[in-house]
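Working notes for the structure below.
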Amino acid sequence: MAQTTPNHTQTVSGWAAHDSSGKITPFNFKRRENGENDVTITILYCGMCHTDIHHVKDDWGITKYPVVPGHEITGIITKVGSNVSKFKIGDRVGVGCLAATCLKCEYCEGSQENYCDQVEFTYNGIFWDGSITYGGYSKMLVADHRYVVRIPDNMAMDRTAPLLCAGITVYTPLKDNNLVDTKGKKIGIIGLGGLGHVAVKFGKAFGHHVTVISTSPSKEQEAKDNLGADDFILSTNSKQMLEKKRTLDFILDTVSAKHSLGSYLELLKVNGTLVIVGAPDKPIDLPAFPMIFGKRTVKGSMIGSIEETQEMMDLCGEHNILSDIEIITTDQINEGLDRLANNDVKYRFVIDIADLSASRYH
């Protein structure tokens, strides 16, 4: 059993993996009492992320079993600590990847707490009190209010859930590269999955020419007809790749499988930037010549701060941006993880934790 502390008195039902087989089974565990800085949240929905697969199977060698995954959480506040002023009971809120940071380093003080050296995540982390964090594949969550965001009233709670990880992961690099407030750039999105489809929506909402780059010919119709992309490049077609050489200002790489960046870099104009947000578990190939001969930049990016997450959420409310999802029930979690591993979802699974499929929240 994961370490708990004496104030872990609330029994919660959830779903956990107990070994590297990755099989998820029902699991009862304890959560802490609501502290002065905490809010208690009844979980309605939880998105399913590729990271969940890596953790339940211990692909990265860091899993603390039993692990309760889930960091794309939406729900309703049922209790508020004495130090909490920005939330009240009944508020619609979301919790993403962050559970705790040091609150005093340069990154925490500069609203980049997601890069804090002492960052702890919503699941498989170690909270301030020494307990192991359990995620959103559960009925209820106690969260420090500093890592919680408000969800605009016009946004459906199920389709909002993936924005807490997938959404903020693609929003931050767009913001960092001045693509939120500047219009008319040519941007490419590699991969049309859980991250990529939201990136296309952002790109269009922010007024850019959006090209989807994929190894799957079938994605062209999806990209253009369903998501409004302006162009499509089949990356396995060398003629198309050559024709589009030096046409893009910016590329966002959302692919989580091992691949080479060389041919994609050639699509960038001189001084163009490629940002990696997918997390392949093996090193990716980065040839020097496409960088040198195009003065191009390759960067990485990870989620965003809570301030940025709230900013993104408010913009999603304004532009009516939501994830395209497939709802599954809690008894379909294993099937969902298997299908996600095979990229058999359009575009994100969301678990109906509270069994609300017939309710007003759906």
Side-chain angles (χ1 to χ4, degrees), residues 41 43-56 59-60 67-75 93-101 112-115 119-125 133-138 141 143 147-151 155-175 189 191-202 252-256 275-280 300-313 315-316 321-326 328 333 336-337 340-341 343 345 347-351 353:
I41 300 164
I43 297 175
L44 303 183
Y45 297 101
C46 185
M48 196 176 264
C49 176
H50 259 281
T51 307
D52 300 348
I53 300 174
H54 293 307
H55 274 99
V56 301
D59 288 340
W60 296 332
V67 61
V68 177
H71 57 205
E72 297 181 339
I73 302 162
T74 58
V93 292
V95 173
C97 302
L98 300 179
T101 58
Q112 285 200 301
E113 69 274 8
N114 47 312
Y115 294 105
V119 66
E120 294 296 345
F121 296 115
T122 301
Y123 70 86
N124 203 56
T133 57
Y134 291 129
Y137 291 20
S138 59
L141 178 72
Y147 306 96
V148 178
V149 295
R150 184 180 305 282
I151 296 172
M155 294 176 68
M157 296 288 266
D158 50 1
R159 294 183 63 193
T160 295
L163 299 175
L164 274 311
C165 172
I168 188 60
T169 296
V170 298
Y171 173 77
T172 308
L174 294 175
K175 183 187 175 190
I189 312 295
L192 194 64
L195 277 71
H197 91 283
V198 181
V200 173
K201 292 186 181 199
F202 281 144
L252 187 67
D253 184 353
T254 71
V255 174
S256 56
V275 178
I276 298 165
V277 292
S301 181
M302 180 188 84
I303 52 170
S305 68
I306 294 301
E307 189 180 298
E308 287 167 331
T309 307
Q310 188 64 66
E311 183 183 291
M312 172 213 66
M313 201 58 84
L315 277 170
C316 286
I321 294 171
L322 293 161
S323 307
D324 291 357
I325 64 166
E326 196 175 319
I328 58 173
I333 289 174
L337 288 168
L340 176 58
N343 294 316
V345 56
Y347 290 93
R348 203 67 156 181
F349 283 120
V350 172
I351 308 164
I353 297 287

side-chain contact (heavy atoms from CB on, under 4.5 Å) partners for [X], two or more places apart:
| X | answer |
| --- | --- |
| Val345 | Glu326, Leu340, Phe349 |
| Ser301 | Tyr115, Thr172, Pro173, Val275, Val277 |
| Gln310 | Val149, Arg150, Met313, Asp314 |

Q: Can you sort out the partners of Glu311 under salt bridge (charged side-chain N to carboxylate O under 4.0 Å, His left out), two or more places apart, ordered by chain and number?
A: Lys175
Rounded distance (nearest 0.5 Å) linking atom [atom1] of [X] with atom [atom2] of [Y]:
| X | Y | atom1 | atom2 | answer |
| --- | --- | --- | --- | --- |
| Asp158 | Cys46 | CG | SG | 12.5 Å |
| Thr160 | Leu44 | OG1 | CG | 11.0 Å |
| Ile351 | Ile328 | CD1 | CD1 | 5.0 Å |
| Ser256 | Ile276 | OG | CD1 | 12.5 Å |
| Met312 | Thr169 | CE | OG1 | 9.0 Å |

Between [X] and [Y], is there a donor-acceptor pair closer than 3.5 Å when you use the side chain of the first and the backbone of the second?
| X | Y | answer |
| --- | --- | --- |
| Glu308 | Ile168 | no |
| Tyr147 | Thr101 | yes |
| Asn114 | Met302 | yes |

Q) So Met155 and Leu322, side chain to side chain contact (heavy atoms under 4.5 Å, CB included) or not? Walk me through it. A) CA-CA 7 Å; Met155 294 176 68; Leu322 293 161; 3.9 Å; yes
Please identify each residue that fulfils side-chain hydrogen bond (donor to acceptor under 3.5 Å, both in side chains) with [X], with sequence neighbours left out.
| X | answer |
| --- | --- |
| Thr122 | none |
| Asp253 | His259 |
| Asn343 | none |
| Gln112 | none |

So which atom in [X] and which in [Y] form the shortest heavy-atom distance, rounded to 0.1 Å?
| X | Y | value |
| --- | --- | --- |
| Ala161 | Glu72 | O-CB, 3.2 Å |
| Cys165 | Arg348 | SG-NH2, 4.5 Å |
| Val56 | Pro69 | CG1-CG, 3.6 Å |
| Gly47 | Asp52 | O-OD2, 4.0 Å |
| His71 | Leu164 | O-CB, 4.1 Å |
| Ile353 | Ser138 | CG2-O, 3.1 Å |

Residues two or more places apart in sequence or in another chain: which of them pass ring pair (Phe, Tyr, Trp, His ring centres under 6.0 Å) with [X]?
| X | result |
| --- | --- |
| Phe202 | Tyr171, Phe206 |
| His197 | Tyr347 |
| His50 | none |

(Q) What verdict does the side chain to side chain contact (heavy atoms under 4.5 Å, CB included) test give for Leu98 and Thr309, after you've listed the backbone C-alpha separation in whole Å, the side-chain angles of each residue and the deciding distance to 0.1 Å? (A) CA-CA 11 Å; Leu98 300 179; Thr309 307; over 6 Å; no
Q) Heavy-atom distance under 4.5 Å between the side chains of Tyr123 and Val68, does that happen here? A) no
Q: Please say which of Ile325, Thr74, Ile321 ends up in a side-chain contact (heavy atoms from CB on, under 4.5 Å) with Arg159.
A: Ile325
